[in-house]
Student: 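Could you have a look at this structure, given as structure tokens, before my questions?
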Amino acid sequence: MERFLMKRTGRDFVDKEEVPTALGGDQGSVAKRARNQPRVGGHPAGPRWRHIQAEGLDCDYTVLFGKAEADKIFHELEEEVEYFTGALAKVQVFGKWHSVPRKQATYGDSGLTYTFSGLTLSPRPWIPVLERVRDRVSEVTGQTFNFVLINRYKDGCDHIGEHRDDERELAPGSPIASVSFGACRDFLFRHKDSRGKNRCREVEVVRLQLAHGSLLVMNHPTNTHWYHSLPVRRKVLAPRVNLTFRRILPTTKK
DNA sequence: TGGGGCGCAGCGCG
DNA sequence: GCGCGCTGCGCCCC
């Protein structure tokens with residue numbers, strides 16, 4: 001028995017094989033699309049999807065990589081990914097500068113630019129391990145991605161606060177694909193109407209656990225209505241690396 | 001046996 | 001989307 005139990009006030013979606021929504025019954029949009037894809041790479045069947053739905057929230061979850069493959073990818077990411085340092089590793093909130101409580105990096109197609117901390121930047125060019133994960137995600141979702149944001153959480157004290165991803169640079173209606181390696185961490189969604197002092201109604205928090213080798217696809221319009229966060233979990237001692245694949249709009253030439 | 005104290009999670013705030 | 005301060009809660013253990 002764990003000494004400290006999580007206060008459960010929202011909907012929990014715990015990572016279990018026997019989750020009834022995995023195949024058959026309540027199929028999600030990616031699951032439906034993927035089922036209609038041609039089978040690739042000799043797999044007898046596609047991954048087992050769980051569809052996660054709430055008001056304006058539409059996600060699909062699966063464990064995409066088995067342990068051995070996920071371990072290998074995690075190790076490669078630890079060896080190969082080059083994270084931001086200096087000014088790019090800081091953020092200004094309420095006028096005060098802080099080091100972000102995690103490490104970040106971006107990779108993507110050549111010629112792309114994106115805005116980060118008020119600066120226009122180019123992602124680093126793809127490296128083989130990222131291309132391999134990206135292509136596997138494309139294969140099972142039927143979506144293409146030209147950019148990835150990488151977040152590394154060295155332990156349970158590293159975290160990210162509630163936020164929505166900036167949709168201005170995303171291709172309209174495109175999903176965000178989040179692939180996790182390393183420590184399993186809780187992941188929370190909170191409806192925009194149900195947070196802070198401007199809360200106007202109660203909508204249950206949606207809780208997920210993102211396992212080693214897992215893929216969470218956040219479909220439109222999830223990011224429009226829901227904030228997400230990776231809260232502090234002091235008992236987690238191991239690192240986690242998360243890849244969020246996106247399709248961002250090419251820079252407008254003037 | 002029970003309650004004080006501790007550590008964690010959650011939330012409001014700037 | 002940060003840290004701080006405060007509160008509430010559950011468990012440990014004296």
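Computed from a predicted structure; not experimentally measured. For the numbers below, each heavy atom of this structure counts, side chains included, while hydrogens, waters and symmetry mates do not. Below, chain A is the first sequence line, B the second, and so on; all start at residue 1.
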Student: Quick one, A:Arg152 and A:Pro239 - any side-chain contact, counting heavy atoms below 4.5 Å?
Tutor: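 Touching, per the 4.5 Å side-chain cut-off.
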Student: Report yes if the side chains of A:Arg136 and A:Glu69 come closer than 4.5 Å at any heavy-atom pair, otherwise no.
Tutor: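 No, side chains not in contact.
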Student: Closest to the A:Phe94 side chain: C:dC2, B:dG14, B:dA9?
Tutor: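 So the nucleotide nearest the side chain must be B:dG14.
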Student: Looking at residues at least two apart in the chain, or sitting in another chain, which of them share a side chain to side chain donor-acceptor pair (under 3.5 Å) with A:Thr106?
Tutor: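 Result, side chain to side chain donor-acceptor pair (under 3.5 Å) vs A:Thr106: A:Tyr114.
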Student: Which one, B:dG10, C:dG1, B:dG12, comes nearest to the side chain of A:Arg233?
Tutor: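 Within the option list, the nearest is B:dG10.
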Student: Looking only at the side chain of A:Arg199 (C-beta and beyond, no hydrogens), which of the listed nucleotides B:dG12, C:dG3, B:dG14 gets closest?
Tutor: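 Nearest nucleotide to the side chain: B:dG12.
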Student: Cation over ring, A:Arg134 on A:Trp126, under 6.0 Å and within 45°?
Tutor: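 Yes, A:Arg134 sits over the ring of A:Trp126.
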Student: Side chains of A:Gln53 and A:Asp58: is there a donor and an acceptor less than 3.5 Å apart?
Tutor: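 Looking only at side-chain atoms, A:Asp58 and A:Gln53 do not form any donor-acceptor pair under 3.5 Å.
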Student: Between B:dA9, B:dC11, C:dG1, which nucleotide has the shortest distance from any of its atoms to the side chain of A:Arg190?
Tutor: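 The nucleotide sitting nearest to the side chain is B:dC11.
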Student: Nearest to the A:His98 side chain among C:dG3, B:dA9, B:dG10, which nucleotide is it?
Tutor: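 The listed nucleotide nearest to A:His98's side chain is C:dG3.
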Student: Hey, what do you get for CG (A:Asn242) to CG (A:Asn151), rounding to the nearest 0.5 Å?
Tutor: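 Result: 6.0 Å between the selected atoms.
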Student: Please give the stem ranges for DNA chain B, sorted by first residue number, where a stem is three or more consecutive Watson-Crick or G-U pairs and both donor-acceptor distances are under 3.5 Å.
Tutor: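 When the pairs of DNA chain B are grouped into runs of at least three, the stems are B:2-14 with C:2-14.
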